[in-house]
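Everything on this sheet refers to the single structure shown next.
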Amino acid sequence: MIAYDYARPRRGLRRSRRSLQRDPLVVLAALACAVLFLVILARAAYGGTAVGGESIVVHPGQTVWSIASERYPGDDVRTRVDQIVTANHLPGAQVYAGETLVLPSP
């Protein structure tokens, strides 16, 4: 029969205690990766970097449609309206006098 020394701690328990001490680091690393993923996802959803183009101030009586037809003659106005709305994160095509808009480059 094999004699066992009960006073000496088992190595398996010592390893599990170490892994429990490292768990907060693993959780922190996973949390950091999740935050990084969400930041990248948000940048992709909102078009990434700033749109190159010019900024204009909306005058009374102007609409996104009129701005698009003035600034981009010969282009499809519907496409340009969609681009202006997307570039400025507008909820719709309604704009107000005094509002600053970024126009995408042609």
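On a predicted model such as this, the values are computed, not experimentally measured, just so you know. Count residues from 1 along the sequence.
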**Request:** Any chance you could lay out the side chain to side chain contact (heavy atoms under 4.5 Å, CB included) test for E70 and I56, step after step, and finish with the verdict?
**Result:** CA-CA 12 Å; E70 286 173 16; I56 64 160; over 6 Å; no
**Message:** Pair V58, Y96 - check side chain to side chain contact (heavy atoms under 4.5 Å, CB included), show working.
**Reply:** CA-CA 7 Å; V58 178; Y96 301 98; over 6 Å; no
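Nearest heavy atom pair, residue A97 against residue H59, reads CB-C, 4.1 Å. The two atoms that bring A93 and V85 nearest to each other are CA-CG2, 4.1 Å, heavy atoms only. Closest approach of V102 to A87, counting heavy atoms only: O-CB, 4.2 Å. Minimum interatomic distance between D76 and T79 (heavy atoms only, all atoms of both residues): OD2-OG1, 2.9 Å.
Side-chain atoms of S66 do not come within 3.5 Å of backbone N or O of Q62 as any donor-acceptor pair.
Annotation: side chain of L90 is in contact with side chain of L101 (closest heavy-atom distance under 4.5 Å).
Taking CG of N88 as the start and CD of Q83 as the end, the distance is 11.5 Å to the nearest 0.5 Å.
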